[in-house]
Amino acid sequence: MRIALVMDDMPVRSNGTSSTALRYADALREQGHEVICVAFGADGPDSFDVPEHHIPVMTPVAEGLDFHFALPDEAVFDEAFADVDVIHIFLPFALGQAARDWGRAHGVPVTAAFHLQPENATYNANLGAAPLVCDAIYRLFRDWLYGDIRHIHCPSQMIANQLRKHGYRSQLHVISNGVPKAFCPGEGESFNDGLVHIVTVGRLSHEKDQATIIRAIERCFHRDQIRLHICGKGPLKHKLEHEGSRLPHPPIFEYRSTDDLIALERACPLYIHASIADIEAMSVLEVRPDHRRGRDERALSVRSLWGEPIRSW
């Protein structure tokens with residue numbers, strides 16, 4: 001098949017949805033499909049770059065999270081979507097909405113995925129759980145995009161349940177995002193400092209809650225023997241560094257390549273994840289290689305979502 005992936009900011013690997021989109025593209029190509037990527041900053045083979053979409057108030061917040069909104073470009077759509085079998089949209093913003101409209105106007109089937117949990121927005125806006133606000137965002141996303149999409153990919157049963165709870169009537173396909181084959185047992189780093197090294201991975205933001213891990217270590221009877229590695233980028237780095245400075249061994253903050261991250265995870269006997277909002281906690285699945293076989297069999301299953309002809313949206 002010839003599949004077009006539409007994602008606002010695909011090249012930014014520190015963003016989970018962006019990383020997932022890149023992995024989708026690679027895995028689908030390995031299965032023999034032709035993949036076209038449309039995104040802000042898109043580069044590489046079969047990639048089509050679109051401009052950044054500057055939105056008052058929202059853009060500065062998004063850039064603080066290492067994310068950029070994309071501006072639709074009809075001329076790019078005409079070139080990128082020529083002869084595609086299906087258009088798959090990752091986010092419900094202006095680029096995704098315009099791609100849906102293009103598909104509808106040209107008779108091209110459109111599917112979508114639900115990757116952005118409303119709680120990600122409320123926690124980053126310092127509103128906390130804010131159930132009423134989250135309910136409103138679910139409705140907004142449905143009105144913007146998902147209400148017009150017949151087939152929606154849900155990375156977990158949890159988010160599928162939430163969509164049903166919030167009145168989504170589309171056909172929901174629960175398929176794990178999948179774990180790359182590189183995350184498997186093997187040779188790791190060596191530490192010769194006599195400490196117990198613990199790792200956590202995630203964007204440095206309110207909803208990932210690395211501060212809870214730091215406070216837990218501070219209260220731990222064995223705190224003098226623990227070294228925490230916090231892998232990720234985000235707006236709370238300086239605040240977390242300040243909190244971590246109280247520990248006998250302050251945390252190491254680092255952003256690693258995939259190979260270096262795998263080497264670190266192999267060397268650490270314990271992984272901790274304190275996230276408050278996660279549709280599918282990929283970093284947790286990645287450190288559980290014994291689960292990879294079952295996940296891979298479900299992940300990126302083109303037969304599940306796109307195997308049969310989709311006659312309409």
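If you're wondering where the values come from, they're calculated on a predicted model, not measured in any experiment.
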Taking the inter-plane angle between the rings of Trp102 and His106 on a 0 to 90° scale, is it parallel (under 30°), tilted (30 to 60°) or perpendicular (over 60°)? parallel
Quick one, Val110 with Ile149, criterion side-chain contact (heavy atoms from CB on, under 4.5 Å). Give me CA distance, side-chain angles, the key distance, then yes/no. CA-CA 7 Å; Val110 179; Ile149 302 293; 3.6 Å; yes
Arg223/Glu218 ion pair, N-O < 4.0 Å: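 Looking at Arg223 and Glu218, the cut-off is not met.
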Less than 4.0 angstrom from a charged side-chain N to a carboxylate O is my criterion; do Glu187 and Arg266 meet it? no
How close do Ser176 and Leu285 get, counting heavy atoms only, and between which atoms? OG-CD1, 4.3 Å
Please check if any side-chain donor atom of His68 sits under 3.5 Å from a side-chain acceptor atom of Asp8, or the reverse. no
What I'd like to find out is whether the side chain of Ser275 reaches to under 4.5 Å of the side chain of Lys208, using heavy atoms alone.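 Heavy-atom side-chain distance check passes, below 4.5 Å.
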Are Tyr24 and Phe90, when compared by the centres of their aromatic rings, separated by less than 6.0 Å? yes
Determine whether Cys220 and Ile226 make a side-chain contact, defined as any pair of heavy atoms from C-beta on separated by less than 4.5 Å.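 Yes - at least one pair of side-chain heavy atoms lies under 4.5 Å apart.
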Please round to the nearest 0.5 Å and tell me the distance separating atom CD of Glu243 and atom CD1 of Ile217.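 Nearest 0.5 Å value for the CD-CD1 distance: 12.0 Å.
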hydrophobic_cluster_shared for Val201 and Val196, side chain cutoff 4.5 Å: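 Different clusters: Val196 never reaches Val201 through Ile, Leu, Val, Met, Phe, Trp or Tyr contacts under 4.5 Å.
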Would the distance check show the side chain of Glu280 and the main-chain N or O of Asn177 forming a donor-acceptor pair, the cut-off being under 3.5 Å?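 Here the side-chain-to-backbone pair exists.
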Salt bridge flag under 4.0 Å for residues Asp148 and Arg100: yes
Non-hydrogen atoms of Pro248 and Asp224 that approach each other most closely: CG-OD1, 3.1 Å
Tell me whether Asp209 contacts the main-chain N or O of Ile276 through its side chain, where contact means a donor paired with an acceptor under 3.5 Å.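 A pair under 3.5 Å: no.
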Would you mind reporting whether Asp193 and His249 have side-chain heavy atoms less than 4.5 Å apart? no
Please check if the number of heavy atoms outside Glu74 that lie under 6.0 Å from its CD is greater than 12. yes
Indicate the atoms forming the closest heavy-atom contact of Tyr146 with Ala113, along with that distance.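 Smallest interatomic distance, heavy atoms only, reads OH-O, 2.7 Å.
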Tell me whether Glu286 is salt-bridged to Arg23, with the criterion being a basic N under 4.0 Å from an acidic carboxylate O. yes
I need the Thr20 OG1 to Met282 CE distance, nearest 0.5 Å.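 Interatomic distance, Thr20 OG1 to Met282 CE, rounded to 0.5 Å: 6.5 Å.
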Are Tyr138 and Tyr123 linked, directly or through other ILVMFWY residues, by side chains that come within less than 4.5 angstrom of each other?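 Shared cluster, no.
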From CG (Asp46) to CD1 (Ile3), nearest 0.5 Å: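 Atom-to-atom, Asp46:CG and Ile3:CD1 are 12.0 Å apart.
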Please step through side-chain contact (heavy atoms from CB on, under 4.5 Å) for the pair Leu95 and Met7, ending with a clear verdict. CA-CA 8 Å; Leu95 184 70; Met7 167 66 191; over 6 Å; no
For the side chain to side chain contact (heavy atoms under 4.5 Å, CB included) test, which of Glu207, Gln162, Met158 pairs with Gln117? Met158
About how many Å separate CG of Leu127 and CG of Leu132, when rounded to the nearest 0.5 Å?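 Interatomic distance, Leu132 CG to Leu127 CG, rounded to 0.5 Å: 11.5 Å.
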Can you find a heavy atom in the side chain of Pro72 that is under 4.5 Å from one in the side chain of Phe77?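 A side-chain contact under 4.5 Å exists here.
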Asn161 and Gln157: side chain donor to acceptor below 3.5 Å: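 Looking only at side-chain atoms, Gln157 and Asn161 do form a donor-acceptor pair, the distance falling under 3.5 Å.
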For His53, enumerate each residue passing the ring pair (Phe, Tyr, Trp, His ring centres under 6.0 Å) test, keeping only those at least two apart in sequence or located in another chain. none
Measure from the side-chain N and O atoms of His33 to the backbone N and O of Met1, and report whether any donor-acceptor pair falls under 3.5 Å. yes
Which heavy atom of Cys154 sits nearest to which heavy atom of Leu163, and what is that distance?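 For Cys154 versus Leu163, the nearest heavy atoms are SG-CD1, 3.8 Å.
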Can a side-chain donor-acceptor contact be found between His229 and Tyr271 if the only test is distance below 3.5 angstrom?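 Not at all, the side chains of Tyr271 and His229 share no donor-acceptor pair under 3.5 Å.
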Using a 3.5 Å distance criterion without hydrogens, assess whether the side chain of Thr200 forms a donor-acceptor pair with backbone atoms of Ile272. yes
Nearest heavy-atom pair of Thr122 and Ile137: which atoms, and what distance?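 Shortest heavy-atom contact: CG2-CD1, 4.3 Å.
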Can a donor-acceptor pair be found, under 3.5 Å and without considering hydrogens, that links the side chain of Asn120 to the backbone of Leu116? no
Under 3.5 Å donor-acceptor, Glu265 side chain and Asp260 backbone: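 A pair under 3.5 Å: no.
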Report yes if the side chains of Glu254 and Leu264 come closer than 4.5 Å at any heavy-atom pair, otherwise no.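 Side-chain contact under 4.5 Å: yes.
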Which of Leu204, Ile252, Ile213 passes side chain to side chain contact (heavy atoms under 4.5 Å, CB included) with Ile230? It is Leu204
As a quick check of understanding, evaluate side-chain contact (heavy atoms from CB on, under 4.5 Å) for Trp144 and Phe93, giving each step before the final call. CA-CA 7 Å; Trp144 280 355; Phe93 304 123; 3.8 Å; yes
Closest non-hydrogen contact found for Ala80 with Val38 is CB-CG2, 3.6 Å
Carefully, step by step, assess Glu189 and Arg256 under the rule salt bridge (Lys or Arg N to Asp or Glu O under 4.0 Å). CA-CA 13 Å; Glu189 292 187 16; Arg256 292 183 170 226; 2.3 Å; yes
Should Val76 and Phe69 be regarded as members of a common hydrophobic cluster, given that ILVMFWY residues are connected when their side-chain heavy atoms come within less than 4.5 Å of each other, either directly or indirectly? yes
Nearest 0.5 Å, what's the SG-CE distance between Cys37 and Met10?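 Here the rounded value is 4.0 Å.
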How about His151 and Thr111: does a side-chain donor come under 3.5 Å of a side-chain acceptor? no
side-chain contact (heavy atoms from CB on, under 4.5 Å) between Val108 and Val84, worked out: CA-CA 7 Å; Val108 178; Val84 298; 3.8 Å; yes
Do Phe67 and Leu140 share a hydrophobic cluster, counting only Ile, Leu, Val, Met, Phe, Trp and Tyr and linking them when any side-chain heavy atoms are less than 4.5 Å apart? yes
Looking only at side-chain N and O atoms, does Tyr168 offer a donor or acceptor that is under 3.5 Å from a partner on His166? no
Just how far is it from atom CD of Gln171 to atom NE2 of His173, taken to the nearest 0.5 Å?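 So the gap between those two atoms works out to 4.0 Å.
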Ala4 backbone acceptor or donor facing His88 side chain under 3.5 Å: no
Does one hydrophobic cluster hold both Val287 and Phe191, with members joined at side-chain heavy-atom distances below 4.5 Å?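 Shared cluster, yes.
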